Amino acid sequence: MTNSTRKSGGGDTGADRPSTAVDVMRAARDQLTELTGSQVESVSSFARTEDGWELAVEVVELARIPDTTSLLATYEVSLDPAGELTTYRRVRRYERGRADSS
């Protein structure tokens with residue numbers, strides 16, 4: 001068991017679970033980085049669901065110079081209650097220096 005997980009108690013299956021929201025975000029970052037090979041920039045949304053966790057994660061897909069022209073992407077990421085990544089998908093790709101049009 002790592003520092004970022006703890007045993008769940010009382011009537012549960014006994015699976016390792018992230019102990020805090022920060023632990024869940026770290027688990028998502030580490031697993032998404034390993035799967036995509038891209039650097040996670042930030043977590044832009046986070047929610048606990050009945051099935052685990054849902055996050056929107058900003059990823060640097062192509063680093064450029066100057067940095068404002070780097071390509072980033074937003075990924076929707078789902079983790080189960082134990083903090084294991086179950087799904088991810090890219091939902092948006094954009095240049096760092098460009099704002100959304102409203």
Side-chain angles (χ1 to χ4, degrees):
M1 181 178 340
T2 67
N3 289 338
S4 65
T5 58
R6 64 178 166 85
K7 286 287 188 184
S8 59
D12 204 23
T13 62
D16 287 343
R17 292 180 184 261
S19 57
T20 67
V22 172
D23 293 334
V24 171
M25 290 182 205
R26 284 184 183 134
R29 177 196 64 207
D30 294 347
Q31 292 173 72
L32 188 61
T33 297
E34 187 172 339
L35 289 169
T36 64
S38 298
Q39 173 191 345
V40 172
E41 180 87 2
S42 64
V43 174
S44 54
S45 72
F46 173 86
R48 185 173 192 141
T49 67
E50 289 181 12
D51 299 324
W53 309 91
E54 298 286 331
L55 297 86
V57 180
E58 308 303 317
V59 171
V60 178
E61 290 203 328
L62 181 60
R64 292 183 176 162
I65 298 174
D67 190 49
T68 55
T69 63
S70 293
L71 287 179
L72 281 76
T74 302
Y75 282 81
E76 289 180 351
V77 177
S78 299
L79 285 80
D80 66 16
E84 293 296 319
L85 194 142
T86 56
T87 63
Y88 75 91
R89 70 183 182 109
R90 184 172 67 194
V91 294
R92 179 175 170 243
R93 196 169 190 207
Y94 59 98
E95 282 187 346
R96 182 187 302 271
R98 303 246 175 161
D100 285 339
S101 57
S102 302

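Given the structure is predicted, the values throughout are model-derived calculations rather than measurements. Heavy atoms only: backbone and side chains are in, while hydrogens, waters and symmetry mates are out.
- In terms of modelled atom types and a separation under 3.5 Å, the side chain of Thr33 and the main chain of Asp30 share no donor-acceptor contact.
- Follow the hydrophobic side-chain contacts under 4.5 Å out from Val60 and you never reach Val40; the two are in separate clusters.
- Pairs passing the salt bridge (charged side-chain N to carboxylate O under 4.0 Å, His left out) check and including a residue from residues 60-69, sequence neighbours excluded, read Glu61-Arg90, Glu61-Arg93, Arg64-Glu95, Asp67-Arg96.
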task = With side chain to side chain contact (heavy atoms under 4.5 Å, CB included) as the test, would you mind laying out the steps for Asp23 and Met25 before giving the verdict?
result = CA-CA 5 Å; Asp23 293 334; Met25 290 182 205; over 6 Å; no
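- Atom OH of residue Tyr75 and atom CG of residue Leu35 lie 10.5 Å apart, to the nearest 0.5 angstrom.
- Contact check for Val59 versus Leu32: side-chain heavy atoms found under the 4.5 Å cut-off.
- Ser78 pairs with exactly one of Thr87, Leu55, Leu85 by the side chain to side chain contact (heavy atoms under 4.5 Å, CB included) rule, that one being Thr87.
- With 3.5 Å as the limit, one finds no donor-acceptor pair spanning the side chains of Ser42 and Glu58.
- Summarising the geometry of Pro81 relative to Trp53, their closest heavy-atom pair is O-NE1, 4.1 Å, with the distance given to 0.1 Å.
- From Gln39, atom CD reaches atom CZ of Arg29 across 10.5 Å, with rounding to the nearest 0.5 Å.
- The shortest non-hydrogen separation linking Ser70 to Ala63 is OG-CA, 3.5 Å.
- Formation of a donor-acceptor pair under 3.5 Å by the Thr49 side chain with backbone atoms of Asp51 is found in this model.
- Between the side chain of Gln31 and the backbone N or O of Gly83 there is at least one donor-acceptor pair closer than 3.5 Å.
- Glu84 meets the side-chain hydrogen bond (donor to acceptor under 3.5 Å, both in side chains) test with no other residue; sequence neighbours excluded.
- A 4.5 Å side-chain heavy-atom check between Tyr88 and Val57 finds every atom pair outside the cut-off.
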